Amino acid sequence: MKALTDAMVALLPPGLKVYRGTVPAGPEFPYVLVSANIPDTLERSQARRRLLSGARLRCTVVGLSLDAVLAIAPQVLDALDGARIDPPGWVTGSVQNIPNDQWVTEDTDVKLPLTNTHPMFAVLDFLVTGSSSPPP
């Protein structure tokens, strides 16, 4: 699993601040928060051996304004959607963006101390399917 997510995160544009899993108390804006699931089994053989898995990567783009999020989100989409990855131990297809109909939203749970405003965020979801390659 780590190989899959590492390969996808490595595609993100250099210079973007990326946090994995959690965000520190004083984050550097704008940033992308990356989280992942444990791969789902998508297909099994008649003997019930796992043939195909699907790993999801969620990129939450966070900025101080709507414009900041709208500037970063297309960079993340362009870097990941349709990209090919070659993680060790896996044979994969291309990364696919999963439309989620989520709008750029104000994060009212967070208040920025200096400006007394709330950051904005957008959630982008991606899926890569593949199988573990057998050892040589």
Side-chain angles (χ1 to χ4, degrees):
M1 173 60 196
K2 185 169 178 353
L4 289 172
T5 58
D6 285 350
M8 286 192 278
V9 169
L11 295 171
L12 292 173
L16 280 183
K17 184 63 183 175
V18 176
Y19 297 109
R20 293 183 71 156
T22 60
V23 178
E28 181 182 318
F29 290 93
Y31 65 85
V32 178
L33 172 63
V34 174
S35 53
N37 77 331
I38 295 170
D40 300 317
T41 300
L42 301 177
E43 189 177 317
R44 291 187 182 275
S45 71
Q46 288 184 339
R48 308 307 303 150
R49 182 177 161 272
R50 182 178 26 200
L51 296 176
L52 187 66
S53 298
R56 293 178 188 264
L57 186 74
R58 173 164 284 176
C59 294
T60 305
V61 178
V62 183
L64 296 176
S65 67
L66 173 66
D67 289 341
V69 173
L70 292 176
I72 301 296
Q75 294 178 45
V76 174
L77 277 168
D78 290 346
L80 292 176
D81 190 33
R84 300 290 302 201
I85 60 173
D86 189 24
W90 287 86
V91 176
T92 64
S94 62
V95 177
Q96 298 173 13
N97 173 241
I98 305 168
N100 60 23
D101 287 337
Q102 294 189 27
W103 295 75
V104 177
T105 306
E106 184 178 34
D107 187 351
T108 56
D109 292 335
V110 175
K111 187 174 275 190
L112 301 169
L114 296 177
T115 60
N116 211 24
T117 60
H118 304 283
M120 304 289 289
F121 72 95
V123 176
L124 304 172
D125 292 315
F126 299 90
L127 171 69
V128 63
T129 57
S131 60
S132 301
S133 54

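It should be emphasised that the depicted structure is a prediction, and the values quoted were computed from it without experimental measurement.
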Colleague: Do the side chains of Leu77 and Val104 join up, straight or via other hydrophobic residues, at under 4.5 Å, putting them in one cluster?
Modeller: yes
Colleague: How long is the gap from CG on Asp81 to CZ on Phe126, to the nearest 0.5 Å?
Modeller: 6.5 Å
Colleague: Check whether any side-chain heavy atom of Asp6 sits under 4.5 Å from a side-chain heavy atom of Pro87, and report yes or no.
Modeller: no
Colleague: Run the numbers on Asp125 and Arg56 for side chain to side chain contact (heavy atoms under 4.5 Å, CB included), then give the verdict.
Modeller: CA-CA 7 Å; Asp125 292 315; Arg56 293 178 188 264; 5.8 Å; no
Colleague: How long is the gap from CG on Asp107 to OG1 on Thr60, to the nearest 0.5 Å?
Modeller: 10.0 Å
Colleague: Return yes if some donor-acceptor pair links the side-chain N/O of Arg58 with the main-chain N/O of Leu33 below 3.5 Å, else return no.
Modeller: no
Colleague: Taking all atoms of both residues into account, what is the closest heavy-atom pair of Gly82 and Ser94, and its distance?
Modeller: O-CB, 3.7 Å
Colleague: So, do Val69 and Phe121 sit near enough that their side-chain heavy atoms are less than 4.5 Å apart?
Modeller: no
Colleague: Does one hydrophobic cluster hold both Val128 and Val18, with members joined at side-chain heavy-atom distances below 4.5 Å?
Modeller: yes
Colleague: Can you tell me how far the NZ atom of Lys111 sits from the CG atom of Leu114, to the nearest 0.5 Å?
Modeller: 13.0 Å
Colleague: With the side chain counted from C-beta on, respond yes when Ile72 and Val32 share a heavy-atom pair under 4.5 Å apart, and no when they do not.
Modeller: yes
Colleague: Are any of the side-chain heavy atoms of Val34 and Met8 separated by less than 4.5 Å?
Modeller: no
Colleague: Just jot down the side chain to side chain contact (heavy atoms under 4.5 Å, CB included) partners of Arg44, sequence neighbours excluded, or say none.
Modeller: Thr41, Arg48, Arg50
Colleague: Are Val23 and Val62 packed together at the side-chain level, in the sense that at least one heavy-atom pair is separated by less than 4.5 angstrom?
Modeller: no
Colleague: Taking a hydrophobic cluster as the set of Ile, Leu, Val, Met, Phe, Trp and Tyr residues connected by side-chain heavy atoms closer than 4.5 Å, whether directly or through intermediates, do Leu112 and Tyr19 fall within one such cluster?
Modeller: yes
Colleague: Distance check, rounded to the nearest 0.5 Å: Asn97 atom CG versus Leu80 atom CG?
Modeller: 9.0 Å
Colleague: When rounded to the nearest 0.5 angstrom, what distance separates OG in Ser45 from CG in Leu52?
Modeller: 12.0 Å
Colleague: Go through the steps to decide whether Val76 and Leu16 satisfy the test side chain to side chain contact (heavy atoms under 4.5 Å, CB included), and finish with yes or no.
Modeller: CA-CA 9 Å; Val76 174; Leu16 280 183; 4.0 Å; yes
Colleague: Considering only heavy atoms from C-beta outward, does the side chain of Thr115 approach that of Leu64 to under 4.5 Å?
Modeller: no
Colleague: I want to check something: taking the side chain as every heavy atom from C-beta on, are Val61 and Leu124 in contact at a cut-off of under 4.5 Å?
Modeller: yes
